[in-house]
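Atoms within a ligand are numbered from 1 in the order they appear, just like the ligands themselves. Below, all heavy atoms of this structure are taken into account, side chains as well, without hydrogens, waters or symmetry copies. The residues of the chain are indexed from 1 along the displayed sequence.
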Amino acid sequence: MAKDRYIHYNKPKKILIIGAGIGGLYCAYMLGMKGFDVTLLEERKQEELGYPWHDAVNKDTFKHADLVLPRDVCIPKQVLDFMGPTGDGHIKQADKMSKSLDVDRKKLANTLSTLASVYAKVIYETKVDELIIKENCVVGVKAGSKSYFADLIIDSSGIKSKFKDQTPIHFLMRDSFTDDDCMFAYRTFIKKTSDEEQPSKVYIMPYGIRGISWCKDAPDSNYSDVFVGKISSLSTDTIHAEIDAIKEKHPYLTDEKLFEIKDTIPLHYPLGMIIGDGYAVIGNSACMPRPTNGSGIETTLIAAKILVKVITENKSYLAENLWDYEYDYMKEIGKDLYFNYLLRIFLQEISNEDLEWIFTSGIINENLVSIANKEWKKVNDFKLSDITTSYDLFKSRKDLIDKLEVAIRRAIEGRLLVGKLPRKYDYTAILKWKEDYDLFVVQTKQIAKDVMSK
Ligand SMILES: Cc1cc2nc3c(=O)[nH]c(=O)nc-3n(C[C@H](O)[C@H](O)[C@H](O)COP(=O)(O)OP(=O)(O)OC[C@H]3O[C@@H](n4cnc5c(N)ncnc54)[C@H](O)[C@@H]3O)c2cc1C
């Protein structure tokens with residue numbers, strides 16, 4: 001019986017991790033330190049992990065994850081200016097500065113991979129091809145000609161994970177993805193004519209194409225960090241056109257590039273099921289980044305900490321034992337990610353003129369910012385006056401304010417639906433919840449189309 005493998009109480013449990021992403025490395029380090037027999041298989045070379053730039057994280061991210069990093073891994077967050085589609089209206093991010101840090105992605109990856117390799121077997125340049133499934137349990141993986149068996153397989157293989165589709169159908173993990181659920185990203189460092197400090201600007205939906213771009217100073221260098229991200233697709237022509245437009249707005253940029261990297265960020269709502277018998281999913285492969293503004297490092301580390309706790313508290317890794325990972329993750333963070341996703345469905349349908357008005361009218365007040373910053377007490381008491389307290393603004397664009405109200409109310413309803421996830425593992429109840437969870441998105445897409453096109 002495949003399930004007999006859970007009864008070897010005397011031996012340390014074997015954990016196999018696919019992918020040296022943030023969640024995979026963190027789990028390898030933490031579980032290895034707690035005495036588990038951990039093996040991590042990574043397709044790339046160790047020196048290829050991470051990215052040669054800084055990314056934003058909440059300042060408490062690493063403290064919450066009990067990670068002590070070398071001092072130079074994080075630096076203070078840059079102040080960004082958010083610009084509307086024409087580049088006229090703008091919202092300054094100054095108030096967020098104290099809440100965030102910029103983290104050096106190479107140094108973070110190096111630190112985590114070093115910590116992981118002290119406590120776990122980290123094997124680089126080894127691509128996992130498929131899961132091994134026995135009697136409906138995931139029991140191992142095949143990588144080339146080798147098979148690796150374990151009590152639990154953690155899938156941390158990123159957005160292109162093909163493993164969820166290999167799981168038994170009753171795991172409820174074979175969710176279909178479209179390119180609309182992805183942001184295709186291009187990032188480069190472009191040399192400046194001098195090392196003089198320049199303003200850092202983020203362009204929302206430039207030229208009406210769904211996505212964002214930015215040009216900000218790269219820390220401690222005479223380069224600018226330039227990003228082009230588009231939903232659905234990103235052609236070479238679009239990249240060239242957008243870089244030319246950015247150069248016009250930032251004339252100090254030269255033609256010299258330090259590197260060019262393309263990658264994909266998931267914008268799908270969080271996967272409804274992240275556990276099955278002998279299998280758990282984490283990070284981008286479970287769509288953990290916030291569907292409006294990223295934050296995949298923070299959300300993945302929060303999930304990883306929950307997963308480590310659940311693994312440590314259990315001796316067997318059947319779905320019912322792993323259920324607390326799913327439940328606590330959804331309660332702690334999944335419902336906020338779902339809320340964000342539902343809101344994004346509406347924002348994606350907004351016209352350029354309306355978006356421009358939002359940027360230029362001054363409608364974005366403290367209440368809206370606190371909703372965006374997840375101050376949920378305020379969200380649950382949401383009133384129309386939370387959108388605007390200005391009677392003049394309200395009167396001038398009542399049509400648009402009504403639409404925003406529908407969007408926020410729908411997103412709050414979705415958040416409450418996530419809260420109905422069964423507390424105890426009960427497959428029939430979970431099946432029903434998962435159906436409702438997916439259907440709510442389909443219905444919201446239709447509502448958003450109808451409401452925003454009025
Ligand atoms: C341009 C860009 C900007 C971003 N900005 C931010 C930001 O500002 N803040 C933030 O918090 N997050 C940001 N993110 C998101 C963040 O990087 C991720 O959400 C986070 O790192 C979690 O990713 P992951 O570890 O799940 O996946 P990944 O980092 O993709 O790791 C997956 C790993 O699995 C390996 N792998 C894949 N398949 C196999 C296989 N078959 N066998 C073996 N190994 C395999 C891959 O080689 C890779 O190392 C950004 C991402 C990008 C691309």
Could you tell me which atoms of ligand 1, counted from 1 in the order shown, lie closer than 4.0 angstrom to a heavy atom of [X]?
X: Glu43; result: 36 (N), 37 (C), 38 (N), 39 (C), 40 (C), 43 (C), 44 (N), 45 (C)
X: Gly158; result: 27 (O), 30 (O), 32 (C)
X: Lys127; result: 41 (N), 42 (N)
X: Thr300; result: 22 (C)
X: Leu41; result: 43 (C), 44 (N)
X: Pro289; result: 19 (O)
X: Gly21; result: 25 (O), 31 (O), 33 (C)
X: Gly283; result: 26 (O)

Under 3.5 Å between any N/O of [X] and any N/O of ligand 1: does that happen in this structure?
X: Ala56; result: yes
X: Val128; result: yes
X: Tyr51; result: no
X: Arg44; result: yes
X: Ile22; result: yes
X: Ile18; result: no

Checklist entry - Cationic tip of Lys134 within the cone over Phe149's six-membered ring, i.e. under 6.0 Å and within 45° of the normal? => result no
Checklist entry - Within 45° of the six-membered ring axis of Phe440 and under 6.0 Å from that ring's centre, is NZ or CZ of Arg410 located there? => result yes
Within reach of ligand 1, part of [X] (heavy-atom separation under 4.0 Å):
X: Thr264; answer: neither
X: Trp53; answer: side chain
X: Ile297; answer: both
X: Tyr26; answer: neither
X: Arg187; answer: side chain

Next on the checklist: Go through it in stages, so that I can follow the logic: the residues are Asp60 and Glu298, the test is side-chain contact (heavy atoms from CB on, under 4.5 Å), and I'd like the CA-CA distance, side-chain angles, deciding distance and then a yes or no.
Outcome noted: CA-CA 9 Å; Asp60 296 325; Glu298 182 193 10; over 6 Å; no
Next on the checklist: Just checking Lys14: does its NZ atom have more than 12 heavy atoms from other residues, nucleotides or ligands closer to it than 6.0 angstrom?
Outcome noted: no
Checklist entry - Run the side chain to side chain donor-acceptor pair (under 3.5 Å) check on Ser232 and Asp179 step by step: do they pass? => result CA-CA 5 Å; Ser232 301; Asp179 284 350; over 6 Å; no
Out of [options], who gets a non-hydrogen atom closest to [atom]?
atom: atom 32 (C) of ligand 1; options: Gly19, Ala20, Ser156; answer: Ser156
atom: atom 24 (P) of ligand 1; options: Thr126, Leu301, Asn284, Ile159; answer: Asn284
atom: atom 5 (N) of ligand 1; options: Asp55, Leu108, Asp102, Ile123; answer: Asp55
atom: atom 51 (C) of ligand 1; options: Val281, Ile265, Asn58; answer: Ile265

Item to check | Parallel, tilted or perpendicular: rings of His250 and Tyr203 (30°, 60°) | outcome: perpendicular
Checklist entry - Mind checking whether Phe227 and Trp214 have parallel, tilted or perpendicular rings, split at 30° and 60°? => result parallel
Which value, rounded to the nearest 0.5 Å, describes the distance between [X] atom [atom1] and [Y] atom [atom2]?
X: Asp195; Y: Thr193; atom1: CG; atom2: OG1; value: 9.5 Å
X: Asn110; Y: Leu69; atom1: CG; atom2: CG; value: 11.5 Å
X: Leu271; Y: Asp175; atom1: CG; atom2: CG; value: 5.0 Å

Checklist entry - Does ligand 1 have any atom that is closer than 4.0 Å to a heavy atom of Thr299? => result no
Checklist entry - With a 4.0 Å cut-off on heavy atoms, does Lys162 reach ligand 1? => result no
Checklist entry - Hey, is Lys192 close enough to Asp217 for a salt bridge, meaning N to O under 4.0 Å? => result yes
Item to check | Short side-chain to backbone donor-acceptor contact, Ser157 and Ile18, under 3.5 Å | outcome: no
Next on the checklist: Can a donor-acceptor pair be found, under 3.5 Å and without considering hydrogens, that links the side chain of Lys106 to the backbone of Leu49?
Outcome noted: yes
Checklist entry - So do Ile154 and Leu31 actually touch side chain to side chain, heavy atoms under 4.5 Å? => result yes
Item to check | Full working for side chain to side chain donor-acceptor pair (under 3.5 Å) between Asn321 and Tyr425 | outcome: CA-CA 8 Å; Asn321 309 101; Tyr425 184 81; over 6 Å; no
